[in-house]
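Take a look at the structure below.
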Number of protein chains: 2
Amino acid sequence: MAGSEESKIAELKREQDASDLEEFIGYNLKRAYVIVQNDFRAALGKDGLGPRVFSALSLVVQFSHITQSRLARKLGIERSGLVAIIDELEGRGFLARTTVPGDRRVQALVPTKQGITAYRDAQARVKEHEDLLLENLTAAEKQTLIGLLQKIRSGEE
Amino acid sequence: MAGSEESKIAELKREQDASDLEEFIGYNLKRAYVIVQNDFRAALGKDGLGPRVFSALSLVVQFSHITQSRLARKLGIERSGLVAIIDELEGRGFLARTTVPGDRRVQALVPTKQGITAYRDAQARVKEHEDLLLENLTAAEKQTLIGLLQKIRSGEE
DNA sequence: ATAAAACTGTTTACCTAGTTAACGTTTTAT
DNA sequence: ATAAAACGTTAACTAGGTAAACAGTTTTAT
């Protein structure tokens, strides 16, 4: 056992904060998520895109002409919930709902030039903030973390 | 480069799903968090404790006579938000708000016997479900994950 | 050919989880 | 003694999501 004065203090401090909760993946996940999400909001500012609107725009830019149903599935949310998100992006002039010749049910989502540049800009700012927030994690650690999180995600269809 | 038929297919599939979003820690964190949180709810059932109520109870059991302010700080939420949580736990008969002799502002939170057994029970069920959900992660991976998440958490005061 | 089933986008009502600002009470500092 | 701070609480608000129902459209069975 470590016997130095420092480690005893550190041990004591850890004991003080320690709780059953720390053992749960879910709890740690949530606490970390809240921190990163707050940083995200700080990165894009008060009138900037919210996390979910940013995510939707990202996918529309990358997968032009995607339908709302497919987009909702990709985001892992219900398509009813996507409506307000697309409304906002359309309202900001970042994408358009366009009709599709073969199928009058769907409306393909097409990013505008403005939407594309807005996304590139936001992407850069978020990345910058995230890098700063996580500066005490090495590149390898970040990659490990993403790998483990995706392993959790891979469980769901 | 891998040349087998399988790897080409796997590569194609990965490409199809790949998006800028996967690079963001925040996005991966959120998606994983949603999965684990849903599992948590499944573990405790429709009328079971919600995640935050469970967390609050956990800390009250472990730190008997804690005040609401200190508890809120431990949970990383505002003390105003804690009121409803404590109301619920008190309503279920899992804890009591008790007056403190020296200070008439505070109300020490004391778990009832019922609260303690309810917590032990819930704790076991959540752990069981979490283990099952994360069965494709090794014990070492889970520990690594927790360590990395706590490294993120350690950034905030 | 026609009826049934399935899919698309949408609205509405609801739920969970949290914040900020204000207030009355009590305690601490000056 | 008085000002400042801390405690628990309420009220109004924001964010993010679900479930159920709907009208219109397309696909599938028969």
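Naming: A, B, ... by sequence-line order, numbering from 1 per chain.
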Task: B:Arg125 and B:Asp121: CA distance, side-chain angles, deciding distance, salt bridge (charged side-chain N to carboxylate O under 4.0 Å, His left out) verdict - done: CA-CA 6 Å; B:Arg125 266 211 300 256; B:Asp121 195 66; 3.5 Å; yes
- [ ] Tell me what B:Arg70 touches on the nucleic acid: a base, only sugar-phosphate, or nothing, going by heavy atoms under 4.0 Å.
- [x] nothing
Looking at [X] and [Y], would you say the former's side chain and the latter's main chain have a donor-acceptor pair under 3.5 Å?
X	Y	value
A:Glu141	A:Thr138	yes
B:Thr112	B:Gly93	yes
A:Glu130	B:Gly26	yes

Task: Donor-acceptor pair between A:Glu22 and B:Gln150 side chains, under 3.5 angstrom - done: yes
Open item on the list: Is a donor from one side chain sitting under 3.5 angstrom from an acceptor on the other, for B:Ser58 and B:Tyr119?
Closed with: yes
- [ ] Could you walk me through whether B:Arg120 and B:Val61 pass side-chain contact (heavy atoms from CB on, under 4.5 Å), step by step?
- [x] CA-CA 9 Å; B:Arg120 298 289 173 222; B:Val61 167; 3.9 Å; yes
[X] [atom1] - [N] [atom2] separation (whole Å):
X	N	atom1	atom2	answer
B:Gln107	D:dA6	CD	P	19 Å
A:Arg31	C:dA17	CZ	P	15 Å
B:Gln37	D:dG17	CD	P	11 Å
A:Leu71	C:dC7	CG	P	18 Å
A:Ile66	C:dG9	CD1	P	10 Å
B:Tyr33	D:dG16	OH	C1'	11 Å
A:Ile86	C:dT8	CD1	P	15 Å
B:Arg105	D:dC7	CZ	P	6 Å

For [X] and [N], is the shortest distance between a side-chain N/O and OP1 or OP2 below 4.0 Å?
X	N	answer
A:Arg52	D:dA15	no
A:Arg104	D:dT26	yes
B:Ser69	D:dA6	no
A:Arg41	D:dG16	yes
B:Lys30	D:dA15	no
A:Gln68	C:dC7	no
A:Arg97	C:dG9	no

TODO: Determine to 10° how strongly the helix from C:dA1-D:dT30 to C:dT30-D:dA1 is bent, judged from the axes of its five-pair ends.
DONE: 20°
TODO: Measure the shortest side-chain to side-chain distance between B:Ser19 and A:Lys74 over non-hydrogen atoms and say whether it is less than 4.5 angstrom.
DONE: no
Open item on the list: Is the shortest side-chain heavy-atom distance between B:Leu71 and B:Ile86 below 4.5 Å?
Closed with: yes
Open item on the list: Within residues 87-95 of chain A, which residues have any heavy atom lying less than 4.0 Å from an atom of DNA chain C?
Closed with: none
Open item on the list: Quick check on the 6.0 Å ring-centre criterion: do A:Tyr27 and B:Phe54 meet it?
Closed with: no
Task: Residues B:Arg97, B:Asp87; criterion salt bridge (charged side-chain N to carboxylate O under 4.0 Å, His left out); working and verdict - done: CA-CA 9 Å; B:Arg97 286 168 159 113; B:Asp87 283 349; 2.9 Å; yes
For nucleotides 18-20 of chain D, which of its nitrogen or oxygen atoms have a protein nitrogen or oxygen under 3.5 Å away, and what is each distance?
unit_1	atom_1	unit_2	atom_2	d
D:dT18	OP2	A:Glu78	N	3.0
D:dA19	N6	A:Ser80	OG	3.2

TODO: Would you mind telling me which of A:Asn38, A:Val36, A:Leu44 makes a side-chain contact (heavy atoms from CB on, under 4.5 Å) with A:Phe40?
DONE: A:Leu44
